Structures are given as C-alpha cells and as structure tokens.
Amino acid sequence: MSQRLWEDVQPGDALESIGLPLNVYRCVMIAGSNRDFNPIHHNTEYARMTGAPEMYVNTLFLQNAWERCVRDYIGLAGSIRKISGFRMKSFNTVGDTLMVKGEVIRKWREGETGLVELKVWCENSKGVSVGPGAVTITLP
C-alpha cells in the first residue's frame, strides 16, 4: 500500500472500487467473527420468514467495507475522522456482489492538517444499497 499525500488529491478523483462476492461462507464467517448470531445473517429460511429475499450481511460488515475502501485509498498515515450518511437502502444478500465505490468531493486545510471529504457508497445488482455518505479523512 502506498501512502497518498494531501497534495496528490483533487476533487473528482475516484477511489479504487472493491468488489466483495457475498456467499454463504462469507456471511457465516462475518456473523461469527463479530458475534452477530441473528439467524437472518446465516439462515436463508429464517431470513425469508422475516421478509428478506435471502440471508444478508450485517451492518458491521458494510461499515468495514467502507473503511477498507477508504483505507486502501488513504494509506496507513491517513486517518478517518468522521463517517456520516451511512444508510442501508436494500439488502446485500448471498449470491450478489457488493461493490464499494467513492470519490473525492473537496479538500481543505485546518492549520497544518490536510482534510479531504469523500463520498462513499455500496452498490449491488439492484443499485445503490448503502449510502451515499460522507467520510472525512486526514492526509499527511
């Protein structure tokens, strides 16, 4: 991972998208790793009884997907200051692929600190499933 600098960033720049195939194994591992044992995240029959089309990934996974996309862009010396506008619009279900995307909206300085606002969102086969939201970051 290379380190991005504040001087390197311009409004309109795209973050590199990441694609995350959503399969049963991933859903079960996510549920177990963050101790979210609600059956909607690992049991198709149960998820369908609640009105979902299929088992689906949980909120923490989606937040982590945003952080991974942003972290890949900013490098280890950057920091995430604020996340807002994180809203789920549709299920992210087994059998689909989650795409996390983003772009630079603006940049400014507060004293010596270089700040950047990113627009980040998730898409699946049905369109935008989470966001779009704003992520404020710092860059060296």
Side-chain angles (χ1 to χ4, degrees):
M1 173 186 305
S2 62
Q3 181 58 56
R4 190 171 310 275
L5 303 175
W6 186 82
E7 292 80 16
D8 299 333
V9 174
Q10 297 302 321
D13 290 352
L15 280 64
E16 186 172 335
S17 299
I18 58 169
L20 301 165
L22 304 179
N23 54 40
V24 173
Y25 177 81
R26 178 168 263 153
C27 282
V28 170
M29 294 303 290
I30 292 162
S33 68
N34 60 41
R35 304 178 61 82
D36 184 349
F37 299 116
N38 189 322
I40 58 178
H41 300 307
H42 58 81
N43 182 312
T44 295
E45 272 185 49
Y46 189 88
R48 287 181 178 156
M49 287 188 322
T50 68
E54 178 60 84
M55 72 176 84
Y56 54 94
V57 296
N58 63 23
T59 305
L60 191 54
F61 173 78
L62 296 165
Q63 290 171 332
N64 287 336
W66 276 28
E67 182 173 351
R68 175 170 166 214
C69 184
V70 170
R71 177 63 55 200
D72 286 354
Y73 182 74
I74 68 176
L76 296 175
S79 66
I80 298 171
R81 279 240 177 132
K82 180 181 176 184
I83 298 174
S84 60
F86 182 92
R87 289 177 182 70
M88 289 183 276
K89 297 179 176 185
S90 67
F91 295 109
N92 291 282
T93 59
V94 164
D96 213 336
T97 297
L98 181 73
M99 296 297 298
V100 186
K101 300 180 176 189
E103 69 177 283
V104 175
I105 300 301
R106 67 185 179 112
K107 66 186 242 183
W108 70 99
R109 286 211 177 264
E110 288 181 5
E112 296 296 312
T113 305
L115 294 155
V116 178
E117 181 180 338
L118 307 173
K119 180 171 113 176
V120 180
W121 66 95
C122 295
E123 294 178 6
N124 60 27
S125 63
K126 296 166 193 72
V128 174
S129 61
V130 182
V135 179
T136 305
I137 61 165
T138 66
L139 288 172

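Just so we're clear, the structure is a prediction, and the values are computed from it rather than from any experiment.
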S.K.: Do other residues, nucleotides or ligands put more than 12 heavy atoms under 6.0 Å from Glu45 CD?
M.R.: no

S.K.: In Å and rounded to the nearest 0.5 Å, what is the CD to CG distance from Glu123 to Asn92?
M.R.: 11.0 Å

S.K.: Which value, rounded to the nearest 0.5 Å, describes the distance between Ser129 atom OG and Arg87 atom CZ?
M.R.: 14.5 Å

S.K.: Look at the side-chain heavy atoms of Ile, Leu, Val, Met, Phe, Trp and Tyr, link any pair under 4.5 Å apart, and say whether Tyr73 and Leu62 land in one connected group.
M.R.: yes

S.K.: If the threshold is 4.0 Å, N to carboxylate O, is there a salt bridge linking Glu54 and Arg48?
M.R.: yes

S.K.: Are Val104 and Val135 co-members of a hydrophobic cluster defined by side-chain heavy atoms under 4.5 Å apart?
M.R.: yes

S.K.: Atom SG of Cys27 and atom CG of Asn43: how far apart are they, to the nearest 0.5 Å?
M.R.: 11.5 Å

S.K.: In the single-linkage hydrophobic clustering (I, L, V, M, F, W, Y; side-chain heavy atoms under 4.5 Å), do Ile137 and Phe86 co-cluster?
M.R.: yes

S.K.: Answer yes or no: is there a side-chain heavy-atom contact under 4.5 Å between Asn34 and Asn58?
M.R.: yes

S.K.: Determine, stepwise, if the pair Thr113 / Arg81 fulfils side chain to side chain contact (heavy atoms under 4.5 Å, CB included).
M.R.: CA-CA 12 Å; Thr113 305; Arg81 279 240 177 132; 3.8 Å; yes

S.K.: Find out whether Phe61 and Leu20 are in side-chain contact, i.e. whether some heavy atom of one side chain is under 4.5 Å from a heavy atom of the other.
M.R.: yes

S.K.: I'd like to know if the side chain of Asp36 pairs up with that of His41 as donor and acceptor (distance under 3.5 Å, no hydrogens or angles considered).
M.R.: yes

S.K.: State, to 0.1 Å, how close Pro11 and Arg106 come at their nearest heavy-atom pair, and which atoms those are.
M.R.: CG-CA, 4.2 Å

S.K.: Just by modelled atom types, is the Ser125 backbone N or O under 3.5 Å from a matching donor or acceptor in the Asp96 side chain?
M.R.: yes

S.K.: Would you find a donor on one side and an acceptor on the other, under 3.5 Å apart, between the side chain of Arg4 and the backbone of Leu139?
M.R.: no

S.K.: Would you say the side chain of Ile80 lies within less than 4.5 Å of the side chain of Ile74, judging by non-hydrogen atoms?
M.R.: yes

S.K.: Can you find a heavy atom in the side chain of Lys126 that is under 4.5 Å from one in the side chain of Phe91?
M.R.: no

S.K.: If we only count heavy atoms from C-beta on, is the Tyr46 to Met55 side-chain gap below 4.5 Å?
M.R.: no

S.K.: To the nearest 0.5 angstrom, please state how far the OG1 atom of Thr93 sits from the CG atom of Asn23.
M.R.: 11.5 Å

S.K.: According to a hydrophobic-cluster definition based on side-chain heavy atoms being under 4.5 Å apart (Ile, Leu, Val, Met, Phe, Trp, Tyr only), do Leu60 and Ile18 belong together?
M.R.: no

S.K.: Under a 4.5 Å cut-off applied to non-hydrogen side-chain atoms, are Lys107 and Gln10 in contact?
M.R.: yes

S.K.: For a quick test of reading the model, state the closest non-hydrogen atom pair linking Gln3 to Gly75 and the distance between them.
M.R.: OE1-C, 3.5 Å

S.K.: For atom CZ of Arg35, is the number of surrounding heavy atoms from other residues, nucleotides or ligands below 6.0 Å larger than 12?
M.R.: no

S.K.: Answer yes or no: is there a side-chain heavy-atom contact under 4.5 Å between Thr97 and Met99?
M.R.: yes

S.K.: Can you tell me how far the CD1 atom of Ile30 sits from the OH atom of Tyr25, to the nearest 0.5 Å?
M.R.: 10.5 Å

S.K.: Which pair of non-hydrogen atoms, one from Val100 and one from Trp66, has the smallest distance, and what is that distance?
M.R.: CG1-CD1, 4.0 Å

S.K.: How close do Trp121 and Val128 get, heavy atom to heavy atom, and via which atoms?
M.R.: CD1-CG2, 4.1 Å

S.K.: When rounded to the nearest 0.5 angstrom, what is the spacing between CH2 in Trp6 and OG1 in Thr138?
M.R.: 12.5 Å

S.K.: Taking Val57 as the starting point, is it possible to reach Met29 by hopping between hydrophobic residues whose side chains are less than 4.5 Å apart?
M.R.: no

